[in-house]
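Quick notes on the structure that follows.
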2 protein chains.
Amino acid sequence: MLMATPHAATRASRAPLVAPRRAAEPALPDPCRTCAVRALSVCAALKGAEMAGLAGIVGRSQYPAGATIMMEGDPADHLFNIIEGTVQIYRLLPDGRRQITGFLMGGDFLGLALNDTNPYSAEAVGTVSLCRLPRRRFEQLIDQFPQLERRMLVDASNELFAAQEQMLLLGRKTAREKVATFLLMLARRAARRGKPDDEIVLAMSRAGIGDYLGLTIETVSRTITRLRRDGILALHGANRVEIVDREALEDAAEG
Amino acid sequence: MLMATPHAATRASRAPLVAPRRAAEPALPDPCRTCAVRALSVCAALKGAEMAGLAGIVGRSQYPAGATIMMEGDPADHLFNIIEGTVQIYRLLPDGRRQITGFLMGGDFLGLALNDTNPYSAEAVGTVSLCRLPRRRFEQLIDQFPQLERRMLVDASNELFAAQEQMLLLGRKTAREKVATFLLMLARRAARRGKPDDEIVLAMSRAGIGDYLGLTIETVSRTITRLRRDGILALHGANRVEIVDREALEDAAEG
DNA sequence: GAGACCGCTTGATCCAGGTCAAGGCCGGCG
DNA sequence: CGCCGGCCTTGACCTGGATCAAGCGGTCTC
């Protein structure tokens, strides 16, 4: 509702606003209407007019590669929706060992917990653009629209399931199985976003992959090399992975 | 409402029922009113009269040690509240490797996910008594009482946090740190139930501990032995652990 | 109360993945 | 355009925890 964006597509899609507001489904408020990930995000739980409350409180922000978005233990003033880019969330041990507990991408919700303090840190992997919501006002919205809460519970359930799968990976899989599982997960997520599912772009470094899988960078590197030598993958530069033999990769993921 | 219990305290607290129902807070319906873990469970979200709906649909059941309560992939017809005993939930790899993703105890809710099929298997560790709710009817209750949904979201949030902590443990901690962390977790849970926090009774076998921590039974056993030799623990039989030096145990848990 | 079974401990050995150490590749900057 | 600094890869070696293999209690059965 507030700021105009210079994006051409935005101007074009705004034209209908000159029409009187007699339409059955009122035009979506601005920042959310033009949101590329609305259908994937919690916002999908709200329809037409209900979006107004949301649109009124959101703000966009951009973070450069490596920027810290939130720190574990700090007050949780804001929630975020990822618009574009990849965010890694992680927890640290006192001596600096790091466990990345998730990579969030477009449409994912950052701050599901609704705690007063952040339960983990979050960092931009590449350039990231986020939709920021003040927590207090979002909580008011939840009280107003129960379907938002339902949607959050569904999301939390799914995350819990994913977390258990990740525990299985961390506790019981070999390095080869871990890397294969990880690549398949990225391929599936790419596919859900309409991208080809046999060409993976690794937004994160080898250190990021290692800290997600409970491995060192050397083991990640060696394991990828071995999968390449086995004819399962092909590399196009260090960060572009092609799945050459998907079936073999799936076999490798489960022992 | 239905069956009378022979418990003396129950009879005593029932006396007010003879009074006319003008009381502001009506007496709780029977099976829930006498529930030892009500304050700890989701049921705490419902007050007085609201409990009637819940009480009408619950049933108690008992499982012997080792019994399977639910199987991963089977239709999720029921949800459960743990009344007494310990339940382990786990996921398997095709070749039988197992990861236990949680131990549930009195007051914990089994079936948070609300999926159509069970996302994991659950098994009684010792003798377990459960409160069983048909899922369909519980979902109707949720629609009726939004505070139930809120409570489930809070629970799911907490589980998510615990899951991330467990990922940190599985991915980045040494065997000694894992075992120390595990024992401290059990001690804290015992304390929340009003038991002494320096005497832990291990309901689960070494195999269970190993499958929870991503270790073998031999490593679990050796690690406990070492903590004992270091004067941090004392064992009274294989399953009764006394924390002798809590500070040292806490140091051991975080490197 | 003898035997068998099951879960736990302990010892000996092995090996997957960690650690340490060199390069190699590539993109940014002067 | 050549140098510099980050990543990434690869090699050599090491080690924490796995694997393999005996026992050792405790307890259940008959």
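Reminder, nothing fancy here: chain letters follow the sequence lines and each chain counts from 1.
Looking only at side-chain heavy atoms (C-beta outward), L130(B) and Y63(B) come within less than 4.5 Å of each other. Within the 4.5 Å cutoff, the side chain of M105(A) has heavy atoms near those of the R189(A) side chain. R240(B) places none of its side-chain heavy atoms less than 4.5 Å from the side chain of L202(B).
Counting non-hydrogen atoms under 4.0 angstrom, S205(A) reaches the backbone sugars and phosphates but no base.
Residue pairs that meet the ring pair (Phe, Tyr, Trp, His ring centres under 6.0 Å) test with at least one member in residues 205-231 of chain B, sequence neighbours left out, are F103(B)-Y212(B), F182(B)-Y212(B).
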Check the interface with nucleotides 15-21 of chain D: list each N/O to N/O pair with the protein under 3.5 Å, or write none.
unit_1	atom_1	unit_2	atom_2	d
dG17(D)	OP1	A175(B)	N	2.9
dA18(D)	OP2	T216(B)	N	3.4
dA18(D)	OP2	T216(B)	OG1	3.1
dA18(D)	OP2	T219(B)	OG1	2.4
dT19(D)	O4	R222(B)	NH2	2.7
dC20(D)	N4	E218(B)	OE2	3.2

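We find that CD1 of I217(B) is positioned 17 Å from P of dG23(D), with the value rounded to whole Å. Across the protein-nucleic acid pair, N239(A) atom CG and dC7(D) atom P stand 11 Å apart, rounded to whole Å. With rounding to whole Å, R206(A) atom CZ is found 10 Å from dT10(D) atom P. Whole-Å rounding puts the L202(A) CG to dC8(D) C1' distance at 12 Å. Rounded to whole Å, the distance from CZ on R226(A) to C1' on dC8(D) is 15 Å. In this structure, E177(A) atom CD and dG17(C) atom C1' are separated by 14 Å, rounded to whole Å. At whole-Å resolution of the value, CG in L235(B) and C1' in dG25(D) are 14 Å apart. In this structure, CZ of R240(B) is placed 20 Å from P of dG7(C), rounded to the nearest angstrom.
For the side-chain hydrogen bond (donor to acceptor under 3.5 Å, both in side chains) with R176(A), the qualifying choice from T219(A), T223(A), D230(A) is D230(A), the only one to do so. A side-chain contact (heavy atoms from CB on, under 4.5 Å) with M167(B) holds for exactly one of L169(A), L170(A), I100(A); it is L170(A).
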